[in-house]
Amino acid sequence: MATQIPAWLKEMVARNKAALRTQAAISAQHGLDRSALHTVCVEAKCPNRGECLNCGDATFMILGGICTRGCKFCAVTKQKPLPPDESEPEKIAQTVKEWHIRYAVLTSPTRDDLPDGGAAHFARVMQAITALNPTGQTEPLVPDFRGRKEDVQTVLSARPAVLAHNIETVPQLYAGVRVGADYRRSLDLLAYSKTVAPQVFTKSGLMLGLGESETQVKHTLQDLRAAGVDLVTIGQYLAPSRNHHPVLRYAEPAEYKMWQEYALEIGFAAAACGPLVRSSYRAGALYKEALLNRKIQLPKAAKQV
């Protein structure tokens with residue numbers, strides 16, 4: 001049975017919804033509508049979309065808004081997807097330029113229907129962004145590509161600043177929560193990226209409230225570090241509807257502070273932990289923090305994030 005959402009969290013969500021009514025957020029949404037672009041902000045019902053749109057930031061969802069898997073926590077539509085939009089790379093690149101975005105996050109639904117899982121399309125979008133915005137940075141948040149290493153290499157060939165792939169939850173919950181996914185396969189993808197492109201930061205994220213224990217979360221973070229992951233995000237799971245996996249627990253703010261401290265203690269370069277934190281939340285700022293913590297000289301683009 002789902003537990004009741006606490007009043008303090010309701011207030012946080014309400015503040016972000018109010019931000020959707022500001023002129024900046026409305027203007028940003030109109031721009032997306034004109035370009036017929038998908039964003040994870042809308043498709044996944046992200047609780048931060050008011051805040052992010054208000055500051056002219058968004059995470060672009062490429063390869064359509066339909067997923068070929070059926071994870072129990074996700075709001076993205078599950079149907080037969082359409083072919084990739086060949087004009088999408090140029091549309092997104094132009095939008096990034098018009099919005100003066102310095103750090104663009106790209107994600108997608110899982111596309112098991114495509115031979116390469118959409119890897120080449122990821123690369124084309126990143127290359128188009130870089131061509132129009134040579135000082136900008138990109139962060140692809142990729143699916144698991146069924147474990148195909150050549151697809152990971154295709155994405156890395158476009159030279160992202162960060163390669164992200166979410167572990168989502170602890171391994172003990174995968175069978176009931178992450179349909180079609182495999183915990184070890186996800187860890188191997190992240191480890192492989194770090195092996196073949198050590199200069200590219202790797203990033204992952206997980207949710208609290210699906211039924212995990214503190215010990216299980218700790219072991220998952222340790223597994224991510226063992227795979228060489230540099231950045232991590234932890235946020236509260238919020239069920240998109242009554243038909244999705246119920247929220248079994250709401251973590252208090254103090255717990256997120258504890259996880260943030262623990263993540264840095266075991267060697268993550270940067271961590272973002274909080275009730276409404278999502279994997280793409282303030283991604284550019286987290287990347288910049290990781291560079292500073294690793295004492296790596298900031299690229300010109302990163303200084304402007």
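The basis for the numbers below is simple: all heavy atoms, side chains too, and nothing from hydrogens, waters or symmetry mates. Since the model is a prediction, treat every value here as computed from it, not as a measurement.
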Polar side-chain atom of [X] near backbone of [Y] as donor-acceptor pair, under 3.5 Å:
| X | Y | value |
| --- | --- | --- |
| Glu98 | Val96 | no |
| Asp85 | Ser87 | yes |
| Thr59 | Leu106 | no |
| Ser193 | Leu189 | no |
| Ser213 | Gln216 | yes |
| Arg249 | Leu208 | no |

Using side-chain heavy atoms (C-beta onward) and a distance below 4.5 Å, is [X] in contact with [Y]?
| X | Y | value |
| --- | --- | --- |
| Phe268 | Val229 | yes |
| Val232 | Leu224 | yes |
| Pro143 | Arg111 | no |
| Ser108 | Val142 | no |
| Leu9 | Leu238 | yes |
| Ile101 | Thr95 | no |
| Val125 | Phe60 | no |
| Gln222 | Lys218 | yes |

Going from [atom1] on [X] to [atom2] on [Y], what distance comes out if it is rounded to the nearest 0.5 angstrom?
| X | Y | atom1 | atom2 | value |
| --- | --- | --- | --- | --- |
| Ile234 | Cys273 | CD1 | SG | 4.0 Å |
| Glu265 | Leu221 | CD | CG | 11.5 Å |
| Arg178 | His245 | CZ | NE2 | 13.0 Å |
| Leu291 | Glu289 | CG | CD | 10.5 Å |
| Arg278 | Arg282 | CZ | CZ | 14.5 Å |
| Leu173 | Leu210 | CG | CG | 6.5 Å |

Do [X] and [Y] share a hydrophobic cluster (ILVMFWY, side-chain heavy atoms under 4.5 Å, transitive)?
| X | Y | value |
| --- | --- | --- |
| Leu163 | Ile92 | yes |
| Met126 | Val152 | yes |
| Leu156 | Leu141 | no |
| Leu206 | Ile266 | yes |

Test item: side-chain donor near acceptor, Tyr250 and Gln236, under 3.5 Å: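 No, no side-chain donor-acceptor contact under 3.5 Å.
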Could you pull out the closest heavy-atom pair between [X] and [Y], with the gap in Å?
| X | Y | value |
| --- | --- | --- |
| Phe122 | Pro140 | CD2-CB, 3.8 Å |
| Gly228 | Lys194 | O-CE, 3.5 Å |
| Pro246 | Tyr237 | O-CE2, 3.8 Å |
| Gly211 | Leu248 | CA-CD1, 3.7 Å |
| Val217 | Glu212 | CG2-CG, 3.5 Å |
| Ala128 | Pro89 | CB-O, 3.5 Å |

Please evaluate residues Asn166 and Ser279 with respect to the criterion side chain to side chain donor-acceptor pair (under 3.5 Å), reporting the C-alpha separation (whole Å), side-chain torsions for both, the decisive distance (0.1 Å), and the verdict. CA-CA 8 Å; Asn166 285 339; Ser279 55; 3.2 Å; yes
For the pair Tyr103 and Glu139, evaluate side chain to side chain donor-acceptor pair (under 3.5 Å) and give the outcome as yes or no after the intermediate values.
CA-CA 8 Å; Tyr103 193 95; Glu139 178 182 309; 2.6 Å; yes
Decide, yes or no, whether a salt bridge links [X] with [Y] under the criterion of side-chain N to carboxylate O below 4.0 Å.
| X | Y | answer |
| --- | --- | --- |
| Glu252 | Lys257 | no |
| Lys203 | Asp230 | no |
| Arg184 | Asp182 | no |

query: If you look only at pairs with a residue in residues 115-127, which of them pass as a side-chain hydrogen bond (donor to acceptor under 3.5 Å, both in side chains), with sequence neighbours excluded?
result: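 Every side-chain hydrogen bond (donor to acceptor under 3.5 Å, both in side chains) pair that includes a residue of residues 115-127, provided the two are not neighbours, is Glu88-His121.
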Report the C-alpha distance between Tyr281 and Leu276 in whole Å, list the side-chain angles of each, state the deciding distance to 0.1 Å, and finish with yes or no for side chain to side chain contact (heavy atoms under 4.5 Å, CB included).
CA-CA 9 Å; Tyr281 179 66; Leu276 297 187; over 6 Å; no
Got a sec: does the CZ of Arg159 have more than 12 other heavy atoms crowding it under 6.0 Å?
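Counting other residues, nucleotides and ligands, CZ of Arg159 stays at 12 neighbours or fewer.
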Item to check | side chain to side chain contact (heavy atoms under 4.5 Å, CB included) between Val105 and Tyr287, worked out | outcome: CA-CA 11 Å; Val105 180; Tyr287 167 64; over 6 Å; no
Q | Step-by-step side chain to side chain contact (heavy atoms under 4.5 Å, CB included) determination, Val177 to Glu168 | A | CA-CA 9 Å; Val177 174; Glu168 303 292 12; over 6 Å; no
Which residues pass the ring pair (Phe, Tyr, Trp, His ring centres under 6.0 Å) test with Tyr174, not counting sequence neighbours?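 Checked Tyr174 against ring pair (Phe, Tyr, Trp, His ring centres under 6.0 Å); matches are Tyr183.
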Would Glu214 and Met258 count as a side chain to side chain contact (heavy atoms under 4.5 Å, CB included) if you check the C-alpha gap in whole Å, the side-chain angles of each, and the deciding distance to 0.1 Å?
CA-CA 11 Å; Glu214 181 176 320; Met258 181 268 289; 4.2 Å; yes
- prompt: Is there a side chain to side chain donor-acceptor pair (under 3.5 Å) between His165 and Ser204 once you walk through the steps?
  reply: CA-CA 5 Å; His165 172 69; Ser204 195; over 6 Å; no
